[in-house]
Enquirer: 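To start, I am sharing the structure in question, which I have written as structure tokens.
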Amino acid sequence: MRYLMLVLSTPDAPADPGNVPEIEDWVRDTYGTGRAILGDRLRPPADAVGVQVRTGEVVVTDGPFSETKEVIAGFDILEAPDLDEAIRIAAAHPMAHTGAVELRPFWPLELDSDATATEPEAGAR
């Protein structure tokens, strides 16, 4: 199963600098084993652009947008057999120690089949 791992920067998060893994180690251990297949960091919120269509017109808004202090700083796409393994992978990421990490399972659109995409069960592992 694939999971999107959002890497969140939380400036007020306390961290124990002695226990934070190095990002290079996480990348080697995760990408080197095929458990992550794509990822990158993102530009700061000030470089973001919002796009909406309202009454047929495209509305573009310069960032930042969020009222929270958390900022999406990057992402990784994980390949894991279940949520427990995805959590283990995410917990080893340095930002789990100094920020936050959010996991979301992929929800395929199933456009190539006659099957209708159904809502996944909450908390399914």
Enquirer: Donor-acceptor check, side chain of Trp26 to backbone of Ile89, threshold 3.5 angstrom: yes or no?
Expert: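 A pair under 3.5 Å: yes.
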Enquirer: Got a second to check how far Ile87's CD1 is from Asp82's CG, nearest 0.5 Å?
Expert: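 That separation rounds to 9.0 Å.
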Enquirer: Tell me whether Ile77 is reachable from Met1 by hopping between hydrophobic residues (I, L, V, M, F, W, Y) whose side-chain heavy atoms are closer than 4.5 Å.
Expert: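 No, Met1 and Ile77 fall in different hydrophobic clusters.
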Enquirer: Check whether any side-chain N or O of Asp76 sits under 3.5 Å from a backbone N or O of Leu78 as a donor-acceptor pair, and report yes or no.
Expert: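 Not a single qualifying donor-acceptor pair exists.
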Enquirer: Testing the basics here: between Ala100 and Thr10, what is the closest heavy-atom pair and its distance to 0.1 Å?
Expert: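 Ala100 and Thr10 have their closest heavy atoms at N-OG1, 4.1 Å.
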Enquirer: Hey, any chance Tyr31 and Ile23 share a hydrophobic cluster, counting ILVMFWY side chains that come within less than 4.5 Å of each other, even indirectly?
Expert: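 Shared cluster, yes.
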Enquirer: Quick one, Val101 with Leu8, criterion side-chain contact (heavy atoms from CB on, under 4.5 Å). Give me CA distance, side-chain angles, the key distance, then yes/no.
Expert: CA-CA 6 Å; Val101 174; Leu8 306 173; over 6 Å; no
Enquirer: Would you please name every residue forming a salt bridge (Lys or Arg N to Asp or Glu O under 4.0 Å) with Asp25, sequence neighbours left out?
Expert: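 Arg28.
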Enquirer: Looking only at non-hydrogen atoms, find the nearest pair between Val49 and Val60 and report the distance.
Expert: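 Taking Val49 first and Val60 second, the nearest heavy atoms are CG1-CG1, 3.1 Å.
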Enquirer: Looking at every heavy atom in both Met95 and Ser9, which two are closest together, and how far apart are they?
Expert: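 Shortest heavy-atom contact: CE-CA, 3.5 Å.
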Enquirer: First locate atom CG of Leu4, then atom CG of Leu38, and finally report the distance between them rounded to the nearest 0.5 Å.
Expert: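 Between Leu4 CG and Leu38 CG, I get 9.5 Å after rounding to 0.5 Å.
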Enquirer: How close do Tyr3 and Leu83 get, counting heavy atoms only, and between which atoms?
Expert: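 For Tyr3 versus Leu83, the nearest heavy atoms are OH-N, 2.9 Å.
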Enquirer: Return the minimal non-hydrogen interatomic distance between Gly34 and Glu79, and the atom names on each side.
Expert: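 Taking Gly34 first and Glu79 second, the nearest heavy atoms are O-CB, 3.9 Å.
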Enquirer: If we only count heavy atoms from C-beta on, is the Glu102 to Val7 side-chain gap below 4.5 Å?
Expert: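 Glu102 does not reach Val7 side chain to side chain.
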Enquirer: Give, for atom CE of Met5 and atom CZ of Arg104, the distance between the pair rounded to the nearest 0.5 Å.
Expert: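 The CZ atom of Arg104 is 14.0 Å from CE of Met5, to the nearest 0.5 Å.
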Enquirer: When you measure from the side chain of Thr30 to the backbone of Val27, do you find a donor-acceptor pair of N or O atoms at a distance under 3.5 Å?
Expert: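 No; judged by distance alone, with no hydrogens or angles, the pair does not exist.
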Enquirer: Between Ala96 and Ala91, which heavy-atom pair has the shortest distance, and what is it?
Expert: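 Looking at all heavy atoms of both residues, the closest pair is CB-O, 3.9 Å.
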Enquirer: Could I get the full list of side-chain contact (heavy atoms from CB on, under 4.5 Å) partners for Arg88, not counting sequence neighbours?
Expert: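 Arg88 satisfies side-chain contact (heavy atoms from CB on, under 4.5 Å) with Arg35, Glu85 only.
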Enquirer: Is it the case that over 12 heavy atoms from other parts of the model lie below 6.0 angstrom from the CG atom of Leu6?
Expert: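 Yes, the 6.0 Å shell around CG holds more than 12 heavy atoms from other groups.
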